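Below is one structure, written out as structure tokens, with a few remarks after it.
Just so it is clear, the structure is predicted and the values come from calculations on it, not from any experiment. In listed order, ligands and their atoms are each counted from 1.
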Amino acid sequence: MPRASLHTLGCRLNQAETAIIAKTLSVRGYDIVEFGEPVDLTVINTCTVTEQADAKCRQAVRHALRLNPQTYVAVVGCYSQIGLEAIRQIKGVDLIIGNEHKLKVVDHLNGLTKQINPIVIHSRELPQEEFTIESPGLYSFNTRANLKIQDGCNYYCSFCIIPTVRGRARSRTFADIIREARELVEFGHRELVITGVNLGTYKNDGKRLLQVINELEKIDGLARIRISSIEPTTIGAELVRYMASSEKLVPYLHLPLQSGDDRILKAMKRKHTIAAFSKFVEWAAKTIPDVGIGADIMVGFPGEGEDEFLHTKEALTELPIYYFHVFSYSDRPGTKSHDLKPKVDPQTKKARARKLIDLSSRKKRAFYEDHVGDTVNVLFEDEENGYWTGHTGNYMKVQVTGSQTLHNRILPVRLTETRGDTLVGVLL
Ligand code: SF4
């Protein structure tokens with residue numbers, strides 16, 4: 001039985017796609033093992049969202065070849081789509097597949113014969129039609145699984161390369177989504193995370209995101225539905241009200257805010273102002289009981305001075321957002337912001353990122369401390385040294401001691417204290 005390992009860089013959508021590739025390999029007889037173990041095949045699903053992401057992809061390829069010099073290396077995904085020539089230069093790569101054909105990697109492995117020059121499967125034009133995916137994802141754990149419902153984006157934010165590498169917005173057919181969801185639940189997953197590039201633009205056969213969620217709710221055995229990152233301007237009042245009363249759609253929103261300054265938001269070509277965003281977040285926090293709201297923030301966009309940065313910091317301090325992922329702006333050739341000036345120097349970007357990461361830690365701690373004494377439901381995932389860890393619906397990390405297996409069970413826990421970035425509790 002040939003052995004294969006897969007490595008994912010980048011976003012949750014990439015994780016969903018790697019899981020699908022893994023399943024297609026396993027169906028064709030490959031034994032899927034951890035990245036780093038001796039293997040016949042390595043698949044690297046790449047990301048190109050920043051310059052650093054590109055560098056990490058190249059490092060991952062070299063690392064895989066160092067560990068397994070004879071492994072057949074397939075490099076697929078976003079960096080393959082745009083960085084074809086750079087990947088061609090890496091000695092030892094056998095196959096490069098762009099975004100359109102990457103899920104079919106299993107059909108292009110050529111008997112795992114090492115190549116002098118890599119085989120390239122790549123098209124510049126990406127599809128625009130609705131799509132289906134034949135295989136469900138394969139996950140090594142069976143708590144949470146990602147469910148891809150959408151790809152591409154038409155928004156063209158000025159810093160973002162994604163519309164170029166993933167193409168225009170398109171949706172997966174409704175029936176195909178529900179079929180995969182059922183298969184994932186039959187396999188044992190208790191939580192499905194709905195993923196896509198711009199989820200809120202989902203549209204197929206008259207169905208929108210809300211109808212997808214509503215249909216998923218009917219699946220017996222599925223305990224939780226989570227929406228991954230979603231553009232705030234695509235969330236209607238109906239979705240918020242639905243989340244407020246749903247048994248299965250968890251109270252969780254992750255919103256790409258990016259900046260708290262209107263001038264920068266405009267230069268980014270974002271579709272919201274800070275006032276509209278704030279109004280929405282405050283309303284959602286009041287409407288959805290115990291919602292956990294997170295955000296993506298970008299520091300160091302061209303023209304971001306001290307004042308603009310302070311506007312972002314103030315907004316994040318005041319809004320009911322309990323954690324944020326902080327990214328430093330990275331110049332991507334082919335994006336509109338590439339030509340914008342003045343650029344922010346790397347040291348300033350680093351210092352601003354540090355300040356926001358510290359603020360995020362403080363807000364997260366405060367959010368967690370507010371919950372001490374509460375009883376929450378936790379979906380347990382892993383055990384380490386006698387401690388079981390899992391997450392609540394609003395994505396707080398909770399730990400309990402337990403000698404029996406809690407894996408994949410949802411159990412009530414009384415929260416007793418915070419410890420680092422975790423809440424500690426006792427099973428009821
Ligand atoms: S909404 Fe903007 S940031 Fe998000 S994928 Fe589309 S273009 Fe990129």
Side-chain angles (χ1 to χ4, degrees), residues 9-17 45-54 77-79 81-83 98-100 102 126-128 131 146 148-172 193-203 208-209 227-236 239 253-274 276-277 280-281 293-304 312 321 324-340:
L9 294 121
C11 62
R12 191 174 278 283
L13 184 56
N14 261 16
Q15 289 170 19
E17 291 166 340
N45 190 8
T46 59
C47 170
T48 188
V49 77
T50 58
E51 230 174 295
Q52 210 186 8
D54 290 357
C78 292
Y79 187 41
Q81 185 65 31
I82 206 166
N99 268 333
E100 185 178 355
K102 70 181 163 202
L126 290 158
Q128 304 202 5
F131 62 93
N146 299 312
K148 173 176 173 175
I149 71 160
Q150 189 274 341
D151 205 340
C153 181
N154 300 346
Y155 281 17
Y156 290 93
C157 299
S158 65
F159 55 83
C160 184
I161 195 70
I162 299 304
T164 309
V165 294
R166 280 192 176 265
R168 296 187 69 78
R170 54 203 183 276
S171 297
R172 185 173 180 183
V193 185
I194 303 176
T195 60
V197 175
N198 194 340
L199 279 182
T201 62
Y202 180 85
K203 203 197 263 178
R208 307 300 302 248
L209 177 60
I227 301 175
S228 65
S229 181
I230 181 165
E231 278 297 316
T233 51
T234 64
I235 309 174
L239 182 59
L253 287 169
H254 186 91
L255 308 170
L257 166 61
Q258 308 304 8
S259 169
D261 180 85
D262 278 340
R263 198 180 60 77
I264 297 296
L265 285 170
K266 199 165 170 209
M268 287 176 165
K269 299 213 175 303
R270 299 289 292 152
K271 291 186 181 296
H272 55 260
T273 59
I274 187 61
F277 181 90
F280 169 76
V281 166
I293 304 178
D296 286 333
I297 304 296
M298 181 180 286
V299 292
F301 187 82
E304 185 192 69
T312 302
I321 294 176
F324 12 105
H325 294 158
V326 184
F327 302 88
S328 290
Y329 170 79
S330 168
D331 244 348
R332 308 306 290 140
T335 60
K336 290 210 177 74
S337 61
H338 188 256
D339 300 326
L340 293 182

>> Among residues at least two apart in sequence or on other chains, which ones pass side-chain contact (heavy atoms from CB on, under 4.5 Å) with Lys271?
In response: Tyr155, Thr233

> In terms of ring plane angle, is the pair Tyr329 and Phe301 parallel, tilted or perpendicular, where the classes change at 30° and 60°?
Replying inline: perpendicular

> Do the side-chain N and O atoms of Asp54 and Thr48 include a donor-acceptor pair separated by under 3.5 angstrom?
Replying inline: yes

> Are Lys336 and Asp339 close enough for a salt bridge, meaning some N to O gap below 4.0 Å?
Replying inline: no

> Hey, does the side chain of Ser158 reach the backbone of Ala267 with a donor-acceptor pair shorter than 3.5 angstrom?
Replying inline: yes

> What count do you get for protein N/O/S atoms less than 2.8 Å from atom 2 (Fe) of ligand 1?
Replying inline: 1

>> If we count only N and O atoms by modelled type, under 3.5 Å, do the side chains of Arg166 and Asn99 hold a donor and an acceptor together?
In response: no

>> For atom 5 (S) of ligand 1, what's the nearest protein heavy-atom neighbour? Residue, atom name and distance, please.
In response: Val197 CG1, 3.4 Å

